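Letters A, B, ... mirror the listed sequences (proteins, then strands); counts begin at 1. Note that the structure is predicted; figures quoted are calculated from it, not measured.
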Amino acid sequence: MKTTTLKLALAGVLGLSSLSSLAATELENLMKDDSQWAHPRKDYANTGYSRLSQINKGNVRNLKMAWSFATGVNRGHEGAPLVINDVMYVHTAFPNNVYALDLNDNQKIIWSYFPKQDPSVQALLCCDNVNRGLGYGDGKIFLQQNDGTLVALDAKNGNKLWDVKVVDTKTGASNTNAPHVIKDKVITGCSGGEYGVRCYISAYNIKDGSLAWRAYSTGPDSETLIGEGFNKDNPHYSALSVYEDVNGGNKEGGSFKALTKDQMKFPEKELGTRTWLKPQAIKNGYEHGGGPTWGWYSFDPALNLMYYGTGNPGTWNPDVRPGDNKWSMTIFARDVDTGMARWGYQMTPHDEWDYDGMNEIVLWEAKGKKLATHFDRNGFGYTFDRTNGTLLVAEKMNPFVNWATKVDLKSGVPVKDPKFSTHQDYNAKGICPSALGVKDEQPSAFSPKTGMFYVPLNHVCMTYEPVESKYIAGQPWVGATLTMFAGPDGVMGGFMAWDGLKGKSAWYNKEKFSAWGGALVTSSDIVFYGTLDRWFKAVDAQTGKELWKFQVGSGVVGNAITYSHKGKQYVGVLSGIGGWAGVAMNLGLTNETDGLGAAGGYKELTKWNAAPGGGAMNVFSL
Amino acid sequence: MMKLRYIALLAIALPYAGNAGISLVSTIDNKPLAIPGAMFDTPAAKEFMSSGKNAYLGNADAIKTGKKIFQMYSCTACHGAKGEGAVGPNLIDDKWNYAKNANDQGIFETIWAGTAGGMGAKGAGAMVPDDPTQGLSPDEVLKVVAFLRSNAVKH
């Protein structure tokens, strides 16, 4: 009797584990199949690259709109739909509706899902009512609602299979990220860097929504999941302090001098609490330390490591949080089964500019090396050895970056320029880039064929005045006021090809507005992306020369995708202006001095867009 | 019990509203705002409650304090440093989502109890319902309004 039960139990366990690995294999096979777009950035490596080549440089000028689908929802439509086995799954901005469209039957709606969310959550979303898309795995579509609820829907009929609360909106937290399925887990983040939320990243079991692990961005090692062997090959990443105060540091006239590697003390433990020196604005700064995690997560199956960036430390006023404020502004590599961190590198220690480090990390190989490249808001393009985090390249993405003169490759520390240090009640001028970063959330693409990255860019500078502000749970806790204006090029955006080994751009196109749409690159060496003045463009991956463009209904903040159906290649992109760049416009701000358009830059958007921007999926074919 | 407490609340709120002074209503649903009279504890707040006028308009000290409060409560995050607008609307031009915000009483009501379209209540007791120690006092609201009005630009 006993043995039978045991055998049965064993069989159950085995059955389960093979089931979950089956699910993982299914997704991995879908990722390899270029007719599908089954993952937010198409593959685990976050490349946004497709081998489809029917649309090529010779015929791309014949691209025509095949169909479009109005989502019925206004405001910023970031992210992209998924395409799985002849069904397209489209998401919308708040209230985050989902539509499954039958590509075999003229895009007829198979099912739809309308979440019921408290409208008050919209007030928590700093930068428009965006949602960056869906995840897929194990026959389920995953939706991370703005109100913190992660939902698993049956991909066949849209029935809700389970849901779970990821963050608590009462603390001011919310969600905007796409859930990413990695193996048998669904990974999801946290927004709320402007609310003093202590953010984390969470892994749920796709089967039943139970929590597998959760790693905070700040706090004790036991909660940031840092243990033995962390930063083994780069122990200086675990230094107690990387700067020395000049003229009193955290006060007007003060600044921070980078220590050399020899001057640093490492490795140290418990840095997620110990780098929040006293006095903090609140008792223990790390408890409201921010470090949001709303980006695009990548994964290396061979190393079993996932990669993501944490955002800005809580309150933008740096004077009230002395110390390096770890592990905000950090790229983490974590074991996806346990969440334990293998390495972590802080890009902007003691942030003074809101250079939120959540942008994507793209995995690639060159010269037999396993690499990871990241374009940070702070304006540096980084390339790492992704096995251990060794920093190989850190170069300015554009010469207008001025807050730091360089990153010292030996120590990994950015050498800050004292001129641009920010302090309470002092309005620091001419800081480049602005808090929008040289690049924001809009993901870059990587072509293994050209070996180049294709990167949508902002070209905006700012004034930044930290101010005293009070932490109240659930209320904004920002602590700085800023104004933004076009950078030295006189335009607000750009788009470039970047060589991740040399740390140099191969070509650079100016854009009138911030390029706020994510990039797609195909093996026929065509790069697709959309712009805020409504263009959806194809450019030559080698030269940047424009090959084709089409004007859609509203500005593009979504990511371009491609798939094929019945042997025909399609490219598509969501339109619907919004996000940080478009939010002021969506709210009907039209005056010269309004919002982010302080210099009249984004104000021009109203000449190109109706407000609020209407959401639609636009699909093109030859 | 519930009813009793409700009546008790009304009893506190009503005499005030009835007292020759103004009666405040919510911008959300036009229902009366029950703000304990004891909260109107400065001359300016008392004057506001009797005449609906903001005595701090044009007062340089009050404007300076108002600016600090505007920053302290992160109004700047949504409305910009001077109220020029950011992710929330401009508060210093002559276009209003709610026309009543052009006058002192209307804008007080909006800041105190919020709107249905994304503006949270900021008044003490209204901001964090289970923690009445958080939020602006009536006097502070009047100072913030004085700050905003001092930045007003006509178009």
Side-chain angles (χ1 to χ4, degrees), chain A residues 94 119-129 170 172 193-196 281 315-317 354 424-425 427 463-484 578-580 582-598 602-603, chain B residues 28 64-98 111 113-137 140 144 147 151-155:
Chain A
F94 184 89
S120 68
V121 68
Q122 294 172 86
L124 296 179
L125 304 169
C126 77
C127 311
D128 210 14
N129 295 345
K170 282 211 280 304
E194 283 64 55
Y195 286 79
T315 186
W316 289 0
N317 177 358
D354 182 32
Q424 187 168 309
D425 297 329
N427 194 9
T463 66
Y464 191 102
E465 181 174 358
V467 297
E468 197 182 351
S469 67
K470 188 173 173 187
Y471 174 79
I472 301 164
Q475 300 291 327
W477 191 43
V478 179
T481 60
L482 27 147
T483 54
M484 308 205 194
W580 195 348
V583 66
M585 200 209 84
N586 278 344
L587 290 169
L589 308 179
T590 52
N591 294 308
E592 196 68 38
T593 52
D594 275 358
L596 304 185
Y602 289 113
K603 179 193 169 218
Chain B
I28 297 178
K64 230 171 117 190
T65 314
K67 178 181 180 182
K68 278 270 169 210
I69 300 165
F70 198 70
Q71 295 170 341
M72 192 66 95
Y73 286 87
S74 294
C75 313
T76 50
C78 301
H79 295 294
K82 293 194 289 247
E84 74 276 20
V87 299
N90 184 315
L91 306 176
I92 57 176
D93 60 3
D94 46 18
K95 283 183 301 185
W96 294 99
N97 291 1
Y98 304 93
I111 296 171
T115 74
M119 169 67 193
K122 303 293 174 191
M127 183 175 193
V128 186
D130 45 10
D131 185 358
T133 65
Q134 303 290 1
L136 282 71
S137 69
E140 287 176 320
V144 166
F147 166 67
N151 295 331
V153 254
K154 289 267 176 294
H155 288 275

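Using a 4.5 Å cut-off between heavy atoms, B:Gln134 contacts chain A through its side chain alone, with no backbone atom that close. In this structure, the portion of B:Lys122 lying under 4.5 Å from any heavy atom of chain A is its side chain and not its backbone. Neither the backbone nor the side chain of A:Asp128 has a heavy atom closer than 4.5 Å to any heavy atom of chain B. In this structure, chain B has heavy atoms under 4.5 Å from both the backbone and the side chain of A:Glu468. Using a 4.5 Å cut-off between heavy atoms, B:Met127 contacts chain A through both its backbone and its side chain.
With contacts defined as side-chain heavy-atom distances shorter than 4.5 Å, the pair B:His79/A:Thr481 does not qualify.
We find the CE-CD1 distance between B:Met72 and A:Ile472 to be 9.5 Å, quoted to the nearest 0.5 Å. For the atom pair CE of B:Met119 and OG of A:Ser120, the computed distance is 14.0 Å after rounding to the nearest 0.5 Å.
Between the side chain of B:Ser74 and the backbone N or O of A:Val478 there is at least one donor-acceptor pair closer than 3.5 Å.
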Please step through side chain to side chain contact (heavy atoms under 4.5 Å, CB included) for the pair B:Val128 and A:Lys170, ending with a clear verdict.
CA-CA 10 Å; B:Val128 186; A:Lys170 282 211 280 304; over 6 Å; no

